[in-house]
Amino acid sequence: MGTTELLPKFKKKSSELLTKLIEIRRHLHAHPELSFVEYKTAEYISSILTQFGIEHTTGVAKTGIVGVLKGENKSSNTTIALRADIDALPIYETTATPYQSKNEGVMHACGHDVHTTCLLGALLILKEFQSEWSGTIKFIFQPGEEKLPGGASLLIEEGVLENPKPNSIFGQHVFPTMETGKVGFRKGMYMASTDEIYITITGKGGHAAMPHTYTNPILIASKITTTLHELFMDEQTKIEKQIPTVLAFGKIVGNGATNVIPDTVHIEGTFRTMNEAWRKKAHELLTQTTERIAKSGNGSCIVDIKIGYPFLINNEIVTQHAIEAAETYLGKENVEELELRMTAEDFAYYSQIVPACFYRLGTGNKSKGITSNVHTSTFDIDENALEIGTGLMAWLAVKELSAAN
């Protein structure tokens, strides 16, 4: 099946859709909802799909939407999946734009409004030219990417990767440090696994002026954090020097006072890596080291490691196809190679099951002052990126269907 003739059509249509895409994105941005409670977001997405005659199922993992769009060119058994996440973050927005969040304390600060808009736009293009491509496209509007256990894992449990099972899956993510007009890909390992670390240290509280009467859990906590940092992060001492690893503690709470030693201290942190065997070993080492230090300080501890997302790996073949398709669509000069990232994404769950490609869409524009990073209160995008993200996603879809036939 040839797809060359679709290239100018997709570009023209994505350009024509830009006004509509901006309208959709701004509505989503102004009405963000947190993970797993994206009910109005799902209603809005469903209304657009229904308006354009695209069949779909709502209520998957409560707020997810899944559907299938089949090409009419000829019969094909190939299925690919396109995924967008729909949830927002608990951040107070300070952009002061006309489309600033109306839900106080909730913001699309990670670009999920963009991801959703681009997938909707890609489906509108694919629907219009349905008679000119073959194969099956499964589309997934996924809740809860920002919160454990991750909406991807719940959708997979409900069978989103079955009936039909996709041959490959694609996900797109905003990249504010990349200028609009460019995209980025990386073959192989790309993003880290992520686990949440919760440690409770128990000592014996007392009056600070009488050290012989108390066991200070703050001192134990200090030794634990510094020892673990050296063990996992210090280049001179860390055990697994060849495996990318991050162990960081971002919260320590000991509710004492200037002259009050508390009974307990709570520590919270994150552990990230790119090797499952080392991940398991590291959990054991972290727990054993923490318990040993607490005991040596005459205290005790409880270590709770909440297992998060696995590492994200981009299939070599599928990603190479996507790179070539993107170079055709945008020009080689606008397709960049991405670096490894220790950030995490629940798209990783899909990548562990089917061949996957998770790529980045440039959304920054220094000349317009659009430079804020994701997860910040001032995050915004150059909305011209919507045209590129929409057309490219539709193009990647038909090119991969063509390559698989």
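Numbers here simply count residues along the sequence, with the first being 1. All values below come from the heavy atoms of this structure, side chains included, with hydrogens, waters and symmetry mates left out.
Sorted by first and then second residue, the pairs that involve residues 221-243 and meet salt bridge (charged side-chain N to carboxylate O under 4.0 Å, His left out), not counting sequence neighbours, are E235-K238, E240-K281. Sequence neighbours left out, not one pair with a member in residues 143-169 passes salt bridge (charged side-chain N to carboxylate O under 4.0 Å, His left out). Applying the salt bridge (charged side-chain N to carboxylate O under 4.0 Å, His left out) test to pairs two or more places apart or on separate chains, those with a residue in residues 361-388 are R25-D380, R25-E383, R26-E383, K368-D382. Contacts classified as salt bridge (charged side-chain N to carboxylate O under 4.0 Å, His left out) and involving residues 85-96 (residues at least two apart or in different chains) are given here: R83-D85.
I317 CD1: 12 or fewer foreign heavy atoms inside a 6.0 Å radius. Around CD of E55, the count of heavy atoms belonging to other residues, nucleotides or ligands within 6.0 Å does not exceed 12. In E104, the CD atom is not crowded: 12 or fewer heavy atoms of neighbouring residues, nucleotides or ligands sit closer than 6.0 Å. Crowding of Q51 atom CD: a count of heavy atoms from other residues, nucleotides or ligands under 6.0 Å exceeding 12. No more than 12 heavy atoms of other residues, nucleotides or ligands sit less than 6.0 Å from atom CD1 of I302.
Classification of the F139-F141 ring pair by plane angle, with boundaries at 30° and 60°, yields perpendicular.
Looking at N365 and S367, their side chains do bring a donor and an acceptor atom within 3.5 Å of each other.
For the atom pair CD (E33) and CD1 (I86), the distance works out to 8.0 Å, reported to the nearest 0.5 Å. Distance check: D346 CG to Q142 CD gives 4.0 Å after rounding to the nearest 0.5 Å. Rounding to the nearest 0.5 Å gives a distance of 4.5 Å between CG of L89 and NE2 of H375.
Between the side chain of T116 and the backbone N or O of A84 there is no donor-acceptor pair closer than 3.5 Å. Judged by distance alone, the side chain of S193 and the main-chain N or O of T273 form a donor-acceptor pair under 3.5 Å. The backbone N or O of S222 lies less than 3.5 Å from a partner atom in the side chain of T225, making a donor-acceptor pair. A donor-acceptor pair is defined here as one N or O able to donate and one able to accept, closer than 3.5 Å; such a pair exists between the side chain of S296 and the backbone of I293.
A salt bridge links E23 with K20: the distance from a Lys NZ or Arg NE/NH1/NH2 to an Asp or Glu carboxylate oxygen falls below 4.0 Å. One finds no salt bridge joining E276 and K280 here, because no Lys/Arg side-chain nitrogen approaches an Asp/Glu carboxylate oxygen to under 4.0 Å.
Shown here are the salt bridge (charged side-chain N to carboxylate O under 4.0 Å, His left out) partners of K306, two or more places apart in sequence or in another chain: D304. The salt bridge (charged side-chain N to carboxylate O under 4.0 Å, His left out) search around D263 returns none, not counting sequence neighbours.
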Can you list the steps and then say if Y329 with F10 is a ring-ring contact (aromatic ring centres under 6.0 Å, His included)? CA-CA 10 Å; Y329 194 85; F10 281 15; 7.9 Å; no

